[in-house]
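Everything on this sheet refers to the single structure shown next.
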Amino acid sequence: MEPERTEGKTVRSQKPNDRWVFLTPMVNSCKLHLTTVKSLVPERSQRMTDSQDFVKEKNMNTTQSINLSIPGSGGYKYNAVPAFPFTRLPGDSFASKFQRIDLDRRHLEECPQLGIMDELQLLNLQHNRITMIQHLSHLQQLVFLNLYDNHISEMMGIECLSSLRILMLGKNRIRKICCVENLSKLNILDLHDNQICRIENMSHLSELRVLNLAGNNISRVENLQGLGCLIELNLRHNCISIVTEVDRLPCLQRFFLSCNNITSFDQLACLGESRSLSELTLDGNPVALETWYKQAVLRCVLHLRQLDMKRITDEDRRMAGVQARKEEEKKKESHKQTIHKEKRRLAIRNAAQQWEGVIACLELPPTNGAKEEVSPENSPAHSPAQTNGLAQEPSPDEPRRVSPGSGPERPSGGTESRLRTNSRPNSPRDPKLVEAGSGSVQSLSLSDSHLAELDGDTLRLFGLGALEALERGWGVQTAGAVTVITFRYINFDAIVPTLPRIRVKFPNLSHLIFLETNISRLPQLAALAQVRRLDQLTIHPGGNPVVSLALWRSFVIYRLHHFNLQRINGQEVTMNDVIAAERVFGTLGHIAATETPRCRLLLLLEESRKRQLQFLLEGRGRRAGLSPEELRDNGKLLGEGLSRALFNYPSRDCSAESPEEGTVESSERATMIEQYLQELVQRASDTNLKGEALHKLWPSMFAEMVRDCVLDMRDRAAFRQASLAKLSEPK
Amino acid sequence: MLISTLFPESMTRMNRFNSTVPDDEYLADSNVLFYLSDAVTQLLEHKEEYTQFGMIRYFAEYFSSVKNSNHVLFREYNYIRATPHNRASFIRVFWRCYRQTGKSGELLSMLEYRSLLQLLCPDFPLDIVQSSARIVVMEDATDCLMSFSDFLYALQLQFYYQEFLDSVLLIYQDLLAGKSPNTVIVPTSTSIEQLPSVAAEENDKEEQQQDGVEPSSLAQCIEALCDRFKRSHPPRSCMREVLEQTNKVSYYSFVMSLAKHETINQTIGALPSKAELLIDPEMDQELDKLIAQISVSPGSNSSGSAIGGLKEVQRKASPRRNIHHRRKMEVESDGSTEETDSSEN
């Protein structure tokens with residue numbers, strides 16, 4: 001008695017106004033009958049059973065007694081709804097005695113044989129046990145057929161009732177809608193409380209106004225095309241989760257979807273298309289529990305006048321409008337965010353891609369004369385060996401491990417799939433670093449192949465182009481907030497020139513992280529000294545072969561001793577580490593500082609330190625004995641031992657002799673030097689020859705001189721006189 | 001004036017030549033011209049610094065550093081390999097700087113040695129390191145770990161006799177292939193760099209098939225080669241000795257024996273004998289001094305108590321060091337802090 005119960009509610013709620021009004025909504029056509037019964041005994045609605053018994057008794061005699069009231073009352077009321085077919089029912093249509101048969105509650109197990117009653121217009125067989133519809137095909141005049149509450153499992157047997165306008169099949173066992181194709185005049189079809197799973201075969205019911213499918217197992221609203229006159233659609237108590245084609249019902253005014261399984265407003269989108277819809281129920285659906293349910297529905301269905309039996313006020317509409325705008329903005333924002341996220345992802349991916357390209361190129365055999373300094377491991381025979389070496393790196397998924405042979409074709413199209421799999425090579429290992437696209441992230445510079453972003457105190461740079469973000473104008477506050485800088489997919493040699501400026505720009509920088517920056521040799525690490533102050537250093541093993549060297553940590557500790565580093569790769573630096581590092585590299589530094597020719601020192605040191613050394617050499621150095629010890633002690637004043645300062649990267653000396661600018665000049669210079677030296681050697685060897693000749697001649701020359709003197713002085717008096725004359729002779 | 005500054009230096013350095021040697025020959029043999037031209041080139045290249053430094057002083061320092069073998073520090077590779085003296089000096093510097101790694105007994109990989117070499121010579125090439133490593137491990141396994149002394153002697157041989165060894169490798173390969181080694185033309189310096197490494201792999205393959213060549217035929221070829229290389233080859237007697245020991249010889253086993261040969265080491269004169277390789281008390285003392293300095297002043301901004309704690313750690317870490325340290329402190333008496341430190345002990 002489900003429909004009765006629900007309808008009862010409706011009826012009661014409306015009674016105070018007008019006890020007839022319930023007819024107007026036409027909620028459940030099956031009620032048409034019942035309510036008319038009730039209307040006869042309005043004062044005692046609670047005694048409904050009595051009244052029905054009464055109806056039963058009366059019907060025994062096949063009269064129209066009670067039901068006569070239908071046309072009267074119904075017609076009267078239905079006038080409110082113009083052109084409703086019932087208006088045509090009243091009057092003389094039931095004049096004939098057998099125009100109506102009421103067989104309510106007769107325990108009938110099959111349809112009665114009504115062979116002679118061709119004129120029959122109204123047949124009531126409700127509350128029986130009929131299992132099949134039969135013996136009805138000749139009732140061509142039948143307008144109203146009520147089979148409510150029977151045991152019918154198939155709709156066979158009604159195909160030919162072409163005059164039928166009202167068909168009541170509620171509370172049966174029907175599984176499938178069929179056989180209604182020819183009932184083109186049907187106005188009301190009631191199939192509530194059956195076992196129907198699909199809406200189908202209805203497209204010919206072009207005059208159908210009311211369709212009741214409540215209490216079935218329907219999960220989709222579909223196949224509604226052709227129902228051009230449908231005003232009311234009742235789908236309560238189904239399991240509907242998908243609503244479609246409602247926009248194909250041009251006259252739909254009332255749509256009942258209470259107690260279904262609709263979870264999202266998206267399903268209501270097609271309701272929005274319907275201009276006629278004015279009443280909707282959605283209570284009992286998951287979607288009705290949402291916070292902004294009412295507003296959201298109103299936004300979807302603008303013309304709604306009643307939702308879940310409540311009138312829509314202007315306030316509601318206004319709220320819905322506001323909500324809609326908010327929603328819109330949110331959507332835009334999130335859209336923007338997703339776009340940005342996507343861009344970010346792409347940028348990182350491309351940076352990774354380019355990085356792989358660069359690495360692959362590095363591993364390729366170089367063209368002749370490639371600078372050894374950049375990639376000394378390039379010589380062709382060594383490439384396989386190099387790959388072997390890399391295999392022991394602790395990162396098996398490294399993009400670096402591209403076999404060198406595949407290098408040349410990498411930039412072309414065929415690499416797409418591989419690149420995709422590699423696009424986030426390390427994300428499982430350090431998801432924090434890549435994925436943390438939280439709300440506080442501020443993107444500083446973004447292109448299709450690089451990304452610079454600021455996330456709280458962390459500045460992340462992906463790809464070579466991101467280095468330019470370091471150059472931009474930084475506010476004092478923003479720059480002061482940066483304590484961590486992460487480099488990824490950038491060649492370390494490209495980062496090196498920025499290091500001194502980093503310190504100036506970010507006074508509070510305390511932690512540098514290098515991921516995939518191709519740090520491969522110890523000397524490169526010396527470049528970090530230019531940062532001047534640092535608490536933490538992280539050089540990720542991925543893409544940084546240097547980490548596989550056993551001595552790298554010691555070297556960092558030794559070289560950056562004056563930083564007083566707290567942590568390297570997250571591991572604390574202890575005094576033992578410092579001493580161990582000194583043990584390994586102390587001798588090197590000592591020899592470097594004390595034994596390097598002082599003139600070379602001038603070239604090797606960086607500017608400020610050079611000045612100081614120059615000053616030292618100027619001031620006191622003139623005296624020859626400026627001991628190396630002294631020098632070193634003086635170097636110590638700067639905070640960074642002189643011995644350590646000698647390990648620079650890139651080495652100053654090499655950069656001074658950059659090939660392209662020097663070639664012409666240096667070759668000229670070389671010839672000049674050669675000439676000069678040849679002259680010099682010539683003169684030297686000449687001098688030497690002369691010296692040797694002199695050496696040979698000297699004894700005889702000396703003897704000759706002595707002999708001459710002796711001969712001169714043989715006559716002493718004469719000699720004395722001659723000498724005296726020489727003296728006295730004025731010059 | 002300049003001449004008087006220059007020549008006495010070189011004369012004293014090369015005084016083993018008596019004055020009867022003609023000038024040209026002397027100059028060619030002693031590489032004086034090379035050093036001269038390098039000195040002048042350097043001077044011209046860094047005019048500003050050196051004029052400020054003082055020209056005479058510069059030349060004096062330059063040649064005394066050449067004499068003391070520390071002129072190769074932080075110089076470019078082309079300079080380091082230019083003369084035998086430079087090569088030997090570099091080997092010696094390398095030994096002195098990294099003796100501690102050998103002392104600690106740590107085994108390092110080839111790439112690690114390369115990095116260490118590059119700290120001294122920023123553009124030291126990989127292939128020399130690689131060839132040296134190959135001498136040690138007898139194959140191409142680059143991730144093999146080697147002891148410092150093994151690597152050092154191999155590097156010495158490879159670096160000092162680089163051209164000679166390259167030629168020997170070519171001859172050896174020809175012998176393996178069954179070609180007449182007489183057709184071998186001594187490669188020019190440019191081709192040297194490419195050929196051996198390219199051929200190395202094939203060589204390895206062949207090596208597995210046949211276990212080397214007849215020592216006598218190799219010896220013959222090497223004799224001929226020595227004639228062409230004049231003095232830049234290992235002593236013939238040593239090579240003969242090595243070759244006489246076996247009846248089949250492969251290139252790497254041959255070179256390996258050469259690397260370990262004491263006489264050759266003495267001939268080069270850069271390194272002490274293997275037994276004394278890790279001994280250098282003077283440098284040990286210096287190092288102890290450095291470490292003491294560190295543990296006394298571990299950082300510019302640590303407080304006194306922190307220093308004490310850190311020193312404690314250090315003491316536990318190396319008791320042997322400390323004994324040494326104390327003994328040294330008794331001898332010297334310069335730093336007051338260090339003295340209090342030793343009295344604490």
Side-chain angles (χ1 to χ4, degrees), chain A residues 372-373 376-377 379-382 385-386 388-389 392 521-523 545 549-551 561-562 564 574-576 578-579 582-584 586-588 590-592 595-600 602-604 614 617-618 639 646-647 651 653-654 656-657 669-670 673-674 676-677 680-681 683-685 687-688, chain B residues 3 7 23 27 33 36-37 40-41 44-46 49-50 52-53 58 61-62 65 70-71 73-74 76 93 96-101 106 108 111-112 114-116 118-119 122-123 125-127 130 140 142-143 197-198 200-201 283 286-287 290-291 294-295 298-301 310 313-314 317-318:
Chain A
E372 280 182 305
E373 211 198 320
E377 63 268 58
S379 55
H382 306 140
Q386 186 67 11
N388 274 348
Q392 63 173 356
R521 300 172 294 138
L522 296 181
L549 302 184
L551 291 174
H561 175 247
H562 58 296
N564 227 359
T574 64
M575 196 61 198
N576 275 350
V578 175
I579 288 171
E582 185 72 27
R583 180 143 296 149
V584 177
T587 335
L588 170 71
H590 179 73
I591 288 174
E595 301 194 2
T596 313
R598 266 162 284 163
C599 45
R600 293 281 313 156
L602 280 176
L603 305 179
L604 293 167
Q614 239 159 20
L617 294 171
E618 284 293 298
L646 281 172
F647 302 103
S651 147
D653 201 31
C654 288
E657 290 162 18
R669 191 181 287 163
I673 289 169
E674 204 180 321
Y676 171 69
L677 283 177
L680 215 60
V681 167
R683 266 163 59 196
S685 65
T687 315
N688 194 28
Chain B
I3 299 164
F7 274 86
D23 292 347
L27 288 173
L33 271 182
L36 265 177
S37 90
V40 177
T41 310
L44 289 180
E45 234 157 58
H46 309 284
E49 286 97 341
Y50 289 155
Q52 216 170 348
F53 186 77
Y58 162 72
E61 198 162 78
Y62 183 87
S65 73
N70 51 21
H71 59 304
L73 276 165
F74 304 108
E76 63 277 8
V93 164
R96 290 179 65 210
C97 286
Y98 296 114
R99 189 178 43 90
Q100 285 294 334
T101 52
E106 208 170 344
L108 300 175
L111 287 174
E112 218 135 4
R114 177 189 60 150
S115 267
L116 293 180
Q118 281 179 344
L119 283 174
D123 56 348
L126 183 69
D127 55 345
Q130 227 153 10
D140 237 349
T142 48
D143 46 351
S197 42
V198 173
E201 271 112 295
M283 211 32 92
E286 289 293 339
L287 186 61
L290 286 172
I291 289 171
I294 282 180
S295 41
S300 47
N301 54 354
L310 290 168
V313 172
Q314 183 239 337
S318 56

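Residue numbers begin at 1 in each chain, while the letters A, B, ... track the order of the sequences. As a basis for the values below, the full set of heavy atoms in this structure was taken, side chains included, without hydrogen atoms, waters or symmetry mates.
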Q.
Please enumerate all residues that pass salt bridge (charged side-chain N to carboxylate O under 4.0 Å, His left out) together with A:E582, with sequence neighbours excluded.
A.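 Applying salt bridge (charged side-chain N to carboxylate O under 4.0 Å, His left out) to A:E582 gives A:R644.
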Q.
Among residues at least two apart in sequence or on other chains, which ones pass side chain to side chain donor-acceptor pair (under 3.5 Å) with B:Y98?
A.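 With neighbours one apart ignored, the set is empty.
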Q: Identify which of A:G586, A:A550, A:S685 forms the greatest number of heavy-atom pairs closer than 4.5 Å to chain B.
A: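 The residue among A:G586, A:A550, A:S685 with the greatest pair count is A:A550.
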Search all heavy atoms of [X] against all heavy atoms of [Y] and return the closest pair with its distance.
{"X": "A:P597", "Y": "B:E61", "value": "C-OE1, 3.6 Å"}
{"X": "A:T587", "Y": "B:R96", "value": "CG2-O, 3.3 Å"}
{"X": "B:E112", "Y": "A:L549", "value": "OE2-C, 2.9 Å"}

**Q.** Heavy-atom contact with chain A under 4.5 Å, split by part of B:L108
**A.**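 Side chain of B:L108 only, per the 4.5 Å heavy-atom cut-off to chain A.
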(Q) Which atoms of B:T101 are under 4.5 Å from chain A, going by heavy atoms: the side chain, the backbone, both sets, or neither? (A) side chain
Q) How far does CG of B:L111 sit from CG of A:L522, to the nearest 0.5 angstrom? A)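 Rounded to the nearest 0.5 Å, the CG-CG separation comes out at 10.0 Å.
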Q) When rounded to the nearest 0.5 angstrom, what distance separates OG1 in B:T41 from CD in A:E674? A) 10.0 Å
Quick one, [X] and [Y] - any side-chain contact, counting heavy atoms below 4.5 Å?
{"X": "A:R583", "Y": "B:I291", "result": "yes"}
{"X": "A:I591", "Y": "B:M283", "result": "yes"}
{"X": "B:E106", "Y": "A:L551", "result": "yes"}

Q: With a 4.5 angstrom heavy-atom cut-off, could you sort out which part of A:I673 is near chain B: side chain, backbone, both or neither?
A: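 The answer is the side chain of A:I673.
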